Amino acid sequence: VGIASANILRATGPGTAAGNIPGMQITQESTFGGIANFGINASTMGQLNFYLAKGDGTGGINAMRIDGTGNVGIGTTSPLAKFEVIGAGTGTGFALRVKDSASADKVAILDNGNIGIGTTSPVGLLQVGTSPGAGLTVTSAGNVGIGTTEPAYTLQVSGSVAFGNATNGGGDIDLLT
């Protein structure tokens with residue numbers, strides 16, 4: 001380990017021993033007797049791996065990979081897009097979750113592909129609004145529900161509907177069969 005200048009920390013090593021991959025490893029010893037490792041390495045030319053492991057080198061996981069084309073993968077070692085996240089595979093587990101600065105949930109994408117805006121448990125492909133009082137839901141059958149999470153028709157509205165100009169209360173409705 002050496003300091004090349006006032007702003008650079010440089011660690012070099014041959015990385016030729018069995019299990020020794022060239023890179024950087026940070027080890028933290030706990031007062032509870034545990035050791036945790038965080039590492040960055042380039043196990044294959046053209047990719048950067050961020051891994052976590054126990055101090056004895058066991059239980060290691062590749063937490064994130066940046067491949068030679070710039071694709072970033074979390075939960076995958078072979079990202080096929082600029083940003084790819086593979087969730088836990090539980091169907092209702094989170095693949096992606098976005099919260100605001102107050103830790104309030106804003107957007108959730110579940111392992112099963114359902115997307116929730118304003119809810120973390122969307123019941124359809126897309127649900128906008130909070131559960132159980134649904135705002136807008138799009139099902140896998142393509143049905144759209146407003147005010148319902150289980151639309152049985154192409155468009156199903158539960159609640160009052162207004163058409164036309166609000167100032168005169170009028171509007172035309174054409175029913176096509």
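What you see is a predicted model; the values in this text were computed from it and never measured.
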#### Entry: Verdict with reasoning, I74 to F83, per side-chain contact (heavy atoms from CB on, under 4.5 Å)
CA-CA 8 Å; I74 297 175; F83 184 62; 4.0 Å; yes
### Task
List in chain and number order the residues that pass side-chain hydrogen bond (donor to acceptor under 3.5 Å, both in side chains) with N143, two or more places apart in sequence or in another chain; answer none if no residue qualifies.
none
### Message
Set out, in order, the CA-CA distance, both residues' side-chain angles and the distance that settles side-chain contact (heavy atoms from CB on, under 4.5 Å) for L126 and I117, then state yes or no.
### Response
CA-CA 8 Å; L126 173 65; I117 300 173; 4.3 Å; yes
### Query
Where do S158 and G147 come nearest, in terms of heavy atoms and distance?
CB-O, 3.6 Å
### Message
Is the shortest side-chain heavy-atom distance between Q156 and V144 below 4.5 Å?
### Response
no
### Task
For the residue pair T139 and P151, establish whether any side-chain heavy-atom pair is separated by less than 4.5 Å.
yes
### Task
Tell me whether L110 is reachable from I115 by hopping between hydrophobic residues (I, L, V, M, F, W, Y) whose side-chain heavy atoms are closer than 4.5 Å.
no
### Message
Keeping R65 on the side-chain end and T77 on the backbone end, is there a donor-acceptor pair under 3.5 Å?
### Response
yes
### Summary
What one should report as the nearest heavy-atom pair of A108 and T119 is CB-O, 3.8 Å
### Message
Run V72 and E84 through side-chain contact (heavy atoms from CB on, under 4.5 Å) and show every step you take.
### Response
CA-CA 6 Å; V72 176; E84 182 174 351; over 6 Å; no
### Message
If you apply the rule side-chain contact (heavy atoms from CB on, under 4.5 Å), what do you find for I109 with F94, and how did you get there?
### Response
CA-CA 6 Å; I109 300 175; F94 294 109; over 6 Å; no
#### Entry: Any residue meeting side-chain contact (heavy atoms from CB on, under 4.5 Å) with T69, in chain and number order, not counting sequence neighbours
D67, N71
### Message
Rounded to the nearest 0.5 Å, what separates atom CG in L136 from atom CD in Q127?
### Response
8.5 Å
